[in-house]
Chemist: 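This is the structure, below, for whatever I ask next.
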Amino acid sequence: PRHSPYSTDTVGGLKWPWGQVTFKHWQGSCSSLISVRHWKPCVNTRKDRFEMQANEDSRPVILVIDDSPQNLLLIDELLSGEYRVKVAANGNRGLAIARQRPSPDLVLLDVRMPDPDGYEVCRQLKSDPATCDIPIIFLTALNDPADEAQGLARGAVDYITKPVSPPILSARVCNHL
């Protein structure tokens, strides 16, 4: 329909009420990504935006650990309006950031990464007294129920499959904070 907020645009994406969404698929990869422009999960007044900027350091910290630069950029774009986002391009860097102060309030963790993989990063975070209470959400292209069960059994609080749905990601991050 001509007046629908979900009409297709000229670059193959969709126009959603929260901004421009473009679907991309990289050959050789099993995951599709969604790129979002002007993502706003909620409508803020001018006063709200001013208070958010004044209290920027009080926003929750989200650590995103993924070996894909495109995924790191995407998640940063989706969440940086509401949260302070820190990114790590590998598991070892993610572990180092998680042990820094202030520690993250939540970790979004890819499963399939070079050594150490996401399961090992999760195990190390859960075995360290300084990081064991940080909620971990696996964010991965692995969509088999057995993979999800394995992630949850290793201590994750949630499991989100790619391609990422911006409203689902936002809601689940909010629910676990």
Chemist: Check whether any side-chain heavy atom of Pro114 lies under 4.5 Å from a side-chain heavy atom of Asp67, and answer yes or no.
Modeler: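 Yes, side chains in contact.
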Chemist: Side chains of Arg99 and Thr131, heavy atoms from C-beta outward: is any pair under 4.5 Å?
Modeler: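 Yes; the side chains approach each other to less than 4.5 Å.
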Chemist: Among Ile137, Leu177, Val107, which one satisfies side-chain contact (heavy atoms from CB on, under 4.5 Å) with Ile62?
Modeler: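 Of Ile137, Leu177, Val107, side-chain contact (heavy atoms from CB on, under 4.5 Å) with Ile62 is met by Leu177 alone.
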Chemist: Under the criterion side-chain contact (heavy atoms from CB on, under 4.5 Å), which of Leu139, Val64, Ile65 is the partner of Leu109?
Modeler: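 Testing each of Leu139, Val64, Ile65 against Leu109, the sole residue satisfying side-chain contact (heavy atoms from CB on, under 4.5 Å) is Ile65.
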Chemist: How far does CG of Asp128 sit from CZ of Arg123, to the nearest 0.5 angstrom?
Modeler: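 Output value for this atom pair is 10.5 Å.
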Chemist: May I ask you to test the Ser103-Arg101 pair for a side-chain heavy-atom distance under 4.5 Å?
Modeler: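 Yes; the side chains approach each other to less than 4.5 Å.
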Chemist: Is there side-chain contact between Asp147 and Thr140, with heavy atoms separated by less than 4.5 Å?
Modeler: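 Result no, sub-4.5 Å side-chain heavy-atom pair not found.
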Chemist: Where do Phe138 and Ala156 come nearest, in terms of heavy atoms and distance?
Modeler: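 Scanning both residues, the minimum pair turns out to be CD1-CB, 3.5 Å.
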Chemist: Asp105 and Pro60: which non-hydrogen atoms are nearest, and at how many Å?
Modeler: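 Of all heavy-atom pairs spanning Asp105 and Pro60, the closest is OD2-CA, 3.1 Å.
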Chemist: Main chain of Asp76, side chain of Ser80: is a donor-acceptor contact present, judged purely on distance under 3.5 Å?
Modeler: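 Such a contact is found between Ser80 side chain and Asp76 backbone.
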Chemist: Taking all atoms of both residues into account, what is the closest heavy-atom pair of Pro102 and Arg84, and its distance?
Modeler: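 Here Pro102 and Arg84 meet closest at CG-NH2, 3.8 Å.
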Chemist: Nearest 0.5 angstrom please: Asp66 CG to Leu73 CG, how far?
Modeler: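 Output value for this atom pair is 11.5 Å.
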Chemist: With a 4.5 Å limit on heavy-atom distance, are the side chains of Leu108 and Val173 in contact?
Modeler: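 A side-chain contact exists here, since the closest heavy-atom pair is under 4.5 Å.
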Chemist: Locate the shortest heavy-atom distance separating Tyr159 from Arg172; write the atom from each residue and the value.
Modeler: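 It is O-NH1, 3.2 Å.
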Chemist: For Leu63 and Gly94, work out which heavy atoms get closest and say how close.
Modeler: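 Residues Leu63 and Gly94, closest heavy atoms: CD2-O, 3.5 Å.
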Chemist: So how far is it from Gln124 CD to Leu95 CG, rounded to the nearest 0.5 Å?
Modeler: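 Here the interatomic distance stands at 5.0 Å.
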Chemist: Given the rule that I, L, V, M, F, W and Y join up when any side-chain heavy atoms are under 4.5 Å apart, are Ile160 and Val85 in one cluster?
Modeler: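 Linked within one cluster.
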Chemist: Minimum heavy-atom separation for Pro116 to Val121, with atom names?
Modeler: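 Heavy-atom minimum between the residues: CG-CG2, 3.9 Å.
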Chemist: Between Leu125 and Ile136, is any pair of side-chain heavy atoms under 4.5 Å apart?
Modeler: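 Yes, at least one pair of side-chain atoms sits under 4.5 Å.
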Chemist: Do Leu106 and Val61 sit in one hydrophobic cluster, given that two such residues count as connected whenever their side-chain heavy atoms are within less than 4.5 Å of each other, even indirectly?
Modeler: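 Each belongs to a different hydrophobic cluster.
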Chemist: Within this structure, what is the SG-OH distance for the pair Cys174 and Tyr83, rounded to the nearest 0.5 Å?
Modeler: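 It comes to 4.5 Å.
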Chemist: Please tell me if the side chains of Leu74 and Lys162 come closer than 4.5 Å, counting only heavy atoms from C-beta onward.
Modeler: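 Counting from C-beta outward, Leu74 and Lys162 never come under 4.5 Å.
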